[in-house]
Amino acid sequence: MVGKRSDLHKRSLSPPICVHIVLIALYNFFIHSSSSDQGCSLISLYRMSSKKPQRIAAAQKTYFTKVHGLPSITPLISSVQETPEPIPTTVKGTIPTWIHWSLLRNGPGKFEFGNQHYNHWFDGMALMHRFQIEDGQVTYRRRFLCKFGTLALPDPCKNFFQRFLSRFEMPKPTDNASVNFVKYKSDYYVSTETNYMHRVDPDTLESKQKVDWSKFIAVNGATAHPHFDPDGTAYNMGNSYRNKGAFYNIIRVPPERNGPEDTLEGAKILCSIAPRDKSKPSYYHSFGMSENYVVFIEQPIKMDLFKIVTGRLRGKSLNEGVYWDPNQETIFHLIDKQTGKEMPVKYYTKALSTFHQINAFEQDGFLMLDMCCSDDGQSINNFLIQNLRQSGEALDEMYNTMSRPYPRRFVLPLNITSETPLEQNLNTRPDSTATAVCRTKNQVFCTFEDLHGEDLKDYGGLEFPHINYARYNTKPYRYYYGCGFRHLVGDCLIKMDLESKKFKVWRQPDLYPSEPVFILSPNAEEEDDGVILSVIITPVKDKSTFLLVLDAKTFEELGRAEVPVNIPYGFHGVFNSSA
């Protein structure tokens with residue numbers, strides 16, 4: 001922890017959001033499971049958790065961007081009021097008239113309830129946003145996912161960690177779905193990483209129905225980043241906790257709906273994957289997908305189940321149960337989407353952490369996996385409210401000790417047989433510096449190649465990646481877009497050309513953009529024919545938020561729609577083309 005702790009920590013026990021997905025299942029199983037043949041009683045779990053980690057050779061270099069004099073961004077992490085009715089914006093420049101749908105976004109919007117405070121940024125109350133674009137004009141509305149009355153009193157929207165009152169008292173899983181808008185069977189949901197989602201009216205932002213994944217399949221949550229086949233079939237991942245330990249599950253949801261009330265009916269677990277250590281599964285925020293494979297990245301951000309379950313008994317914070325283990329390698333698991341079988345070959349690389357993948361595609365017997373990743377996984381514990389609201393040297397110190405995320409490509413050879421030579425680079429792709437070397441017949445060790453030039457380091461790396469998903473997801477592609485991070489939040493927009501490794505930048509002083517969302521233009525012929533939408537906010541001037549529209553090809557501003565209210569920094573969103 002950098003700088004002085006505020007008293008918020010005393011009033012709020014709030015670990016990273018990843019712990020949400022384990023507490024309920026752990027209570028139900030681990031507390032009541034005691035027979036040795038079940039394999040995961042508290043005693044056996046303690047024994048497993050006490051094993052010494054395997055030591056791995058030293059990792060490659062870690063990137064750090066040394067900066068000084070970072071401005072405070074406290075106003076970006078502040079509570080706001082909802083505006084459930086559309087309000088007009090002031091348009092400057094030109095917004096193309098062919099855009100006549102809505103940008104939906106999600107993120108935290110309230111951090112205090114009376115004298116109670118959330119401690120972690122991810123736990124703020126979900127605030128949904130809608131920018132309706134029609135005939136070159138824009139209206140804006142926002143609505144909290146949950147309603148609340150007397151703020152000092154707990155309610156179902158409140159962070160459930162604050163209701164984890166004593167020892168093994170049963171908490172309720174959070175239904176505060178503040179991470180993303182997702183789409184299943186033509187319906188929009190807001191989602192986080194627990195088992196609860198909310199079906200939402202994309203026009204009014206009213207919550208229509210709370211949907212529980214565990215009522216349809218045996219999982220205790222799902223990510224907020226599903227992938228889609230062209231026919232609308234959705235794929236996702238979620239953990240389950242069984243009498244033999246934790247498992248990662250690949251989920252498939254069919255595109256067809258059997259009636260207006262149909263939600264997740266027909267969802268199936270395509271494949272279950274055993275963790276490297278069932279007592280310490282990995283945290284994951286998303287996954288990769290190519291045309292024929294789901295790619296699960298088992299990274300060494302670990303959840304120690306024993307420490308999470310017994311934290312209150314031992315007088316420890318739940319945060320202690322989530323940790324980064326740089327001595328463990330990262331493992332890529334490939335699952336065949338047609339058969340549901342996990343491929344026998346595992347792909348390994350050095351310890352790294354990743355939140356978002358860019359794309360994955362198959363070509364010439366290889367699977368290219370492109371993702372934003374860093375050489376350190378401790379940043380998940382840095383996004384406490386008091387950290388984000390720091391200033392001066394404390395803010396600089398925290399930023400400078402965080403590893404930066406960079407776009408990288410791994411090249412995974414698919415045709416591994418008993419005849420494949422060992423200790424030889426199998427990557428024969430021209431102009432590729434990535435390597436893939438068989439250590440055994442079922443283990444391939446990989447190193448990455450950079451998807452950027454050295455000058456990207458001047459912009460603090462890149463995260464929140466987006467592509468022309470509709471046409472180029474799971475296919476070879478040329479362009480991706482993202483946010484540069486010369487602050488704790490994105491401070492510029494970047495368009496990267498994979499052929500030249502050169503990029504274009506949109507950046508203005510004291511302005512902080514949200515993730516870029518690519519919108520394909522009508523009759524588009526080239527990959528970057530379209531626009532980029534991003535919500536721009538600032539901490540230095542009141543009510544100066546605007547929706548930015550960039551030409552995706554030139555990366556020059558076309559227009560902006562100025563919003564007469566403040567908007568907090570959010571997470572993710574989608575473009576609703578069916579409004």
Side-chain angles (χ1 to χ4, degrees), residues 21 180 182-185 191 193 213 216-240 246-255 264 266-276 281-299 301 330-349 352-363 365-373 408-416 436 442 444 446 465 467 469-470 472-477:
I21 63 178
N180 203 359
V182 297
K183 195 174 185 179
Y184 295 103
K185 302 182 181 183
S191 175
E193 295 179 335
W213 276 101
F216 300 91
I217 51 177
V219 297
N220 300 101
T223 81
H225 291 287
H227 277 292
F228 303 92
D229 277 341
D231 68 354
T233 300
Y235 295 83
N236 208 334
M237 287 197 62
N239 279 13
S240 60
F247 285 85
Y248 314 117
N249 300 288
I250 310 300
I251 303 165
R252 182 163 60 195
V253 181
L264 298 176
K268 294 181 179 180
I269 292 178
L270 184 65
C271 178
S272 294
I273 304 168
R276 181 175 186 169
S282 294
Y283 169 71
Y284 54 93
H285 183 73
S286 59
F287 60 97
M289 189 181 82
S290 67
E291 181 179 0
N292 295 297
Y293 299 95
V294 170
V295 185
F296 170 55
I297 302 143
E298 188 175 14
Q299 61 187 348
I301 299 178
T330 300
I331 307 173
F332 302 126
H333 302 262
L334 269 57
I335 297 86
D336 188 304
K337 291 162 61 178
Q338 301 303 316
T339 67
K341 300 292 186 181
E342 183 182 2
M343 306 305 290
V345 177
K346 303 291 188 296
Y347 303 85
Y348 295 77
T349 190
L352 57 80
S353 68
T354 180
F355 280 84
H356 302 109
Q357 287 70 57
I358 305 170
N359 200 3
F361 62 93
E362 301 157 42
Q363 192 175 54
F366 296 93
L367 188 152
M368 272 55 70
L369 175 63
D370 298 349
M371 59 188 189
C372 295
C373 47
R408 297 167 174 173
R409 170 171 293 176
F410 290 88
V411 179
L412 312 182
L414 295 174
N415 301 318
I416 304 297
N442 289 327
V444 179
C446 303
I467 63 170
Y469 191 96
Y472 288 89
N473 183 51
T474 75
K475 297 178 176 65
Y477 68 113

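Throughout, numbering of the chain's residues begins at 1 and tracks the sequence.
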Handout entry: Qualifying residues under ring pair (Phe, Tyr, Trp, His ring centres under 6.0 Å), relative to H333, sequence neighbours excluded
Key = F296
Practice task
Give a yes or no on whether the backbone of P476 and the side-chain of Q363 come within a donor-acceptor separation of less than 3.5 Å.
Solution key: no
Practice task
Taking the side chain as every heavy atom from C-beta outward, state whether P255 and F228 have any pair of such atoms under 4.5 Å apart.
Solution key: no
Exercise for the section: Answer yes or no: is there a side-chain heavy-atom contact under 4.5 Å between L352 and T330? Expected result: yes
Handout entry: Minimal non-hydrogen separation, G266 against P254, with atom names
Key = O-CD, 3.4 Å
Handout entry: Contact check, side chains of M371 and N359, non-hydrogen atoms, under 4.5 Å
Key = no
Exercise for the section: Report yes if the side chains of I297 and F287 come closer than 4.5 Å at any heavy-atom pair, otherwise no. Expected result: no
Fill in the blank from the handout: Sequence neighbours excluded, the answer for salt bridge (Lys or Arg N to Asp or Glu O under 4.0 Å) partners of R409 is D370
Practice task
Evaluate the criterion side-chain contact (heavy atoms from CB on, under 4.5 Å) for residue pair F366 and N415; output intermediate values, then yes/no.
Solution key: CA-CA 8 Å; F366 296 93; N415 301 318; over 6 Å; no
Exercise for the section: Please determine, by modelled atom types, if N249 and S272 share a side-chain donor-acceptor pair under 3.5 angstrom. Expected result: yes
Practice task
Evaluate the side-chain proximity of Y235 to L270: yes if any heavy-atom separation is below 4.5 Å, no if none is.
Solution key: yes
Problem - Beyond-backbone contact of I335 with K341, side-chain heavy atoms, under 4.5 angstrom - result: no
Handout entry: Nearest atoms (heavy-atom pairs only) where P465 meets I358
Key = CB-CG1, 3.7 Å
Handout entry: Minimum side-chain heavy-atom gap V345-V444 below 4.5 Å
Key = yes
Exercise for the section: Report yes if some heavy atom in the side chain of M237 is under 4.5 Å from a heavy atom in the side chain of I251; otherwise report no. Expected result: no
Indicate every side-chain donor-acceptor pair of residues 288-295 with a distance under 3.5 Å to a residue at least two apart or in another chain.
from	atom 1	to	atom 2	distance (Å)
S290	OG	Y293	N	3.2
S290	OG	E362	OE2	2.6
N292	ND2	E362	OE1	2.9

Problem - Evaluation steps, side-chain contact (heavy atoms from CB on, under 4.5 Å), between V411 and C446 - result: CA-CA 8 Å; V411 179; C446 303; over 6 Å; no
Practice task
Measure from the side-chain N and O atoms of R252 to the backbone N and O of K337, and report whether any donor-acceptor pair falls under 3.5 Å.
Solution key: yes
Handout entry: E342/L334 under side-chain contact (heavy atoms from CB on, under 4.5 Å): CA gap, chis, key distance, verdict
Key = CA-CA 6 Å; E342 183 182 2; L334 269 57; over 6 Å; no
Practice task
Examine the side chains of N236 and T223 and answer whether a donor and an acceptor come within less than 3.5 Å of each other.
Solution key: yes
Exercise for the section: Scan side-chain atoms only and decide if Y248 and E298 contain a donor-acceptor pair under the 3.5 Å cut-off. Expected result: yes
Practice task
Could I get the full list of side chain to side chain donor-acceptor pair (under 3.5 Å) partners for T233, not counting sequence neighbours?
Solution key: D231
Fill in the blank from the handout: Scanning both residues in full, the closest heavy-atom pair of V253 with A267 reads CG2-CB, 4.0 Å
Fill in the blank from the handout: G238 and V219 have their tightest heavy-atom pair at O-CG1, 4.2 Å
Practice task
Just jot down the side chain to side chain donor-acceptor pair (under 3.5 Å) partners of Y469, sequence neighbours excluded, or say none.
Solution key: H227, N473
Handout entry: Distance, nearest 0.5 Å, that separates SG of C373 from NE2 of H356
Key = 13.0 Å
Handout entry: For F355, all residues meeting ring pair (Phe, Tyr, Trp, His ring centres under 6.0 Å), sequence neighbours excluded
Key = H285
Exercise for the section: Can you see which heavy atom on H225 is nearest to which on S286, and at what distance? Expected result: CB-CB, 3.9 Å
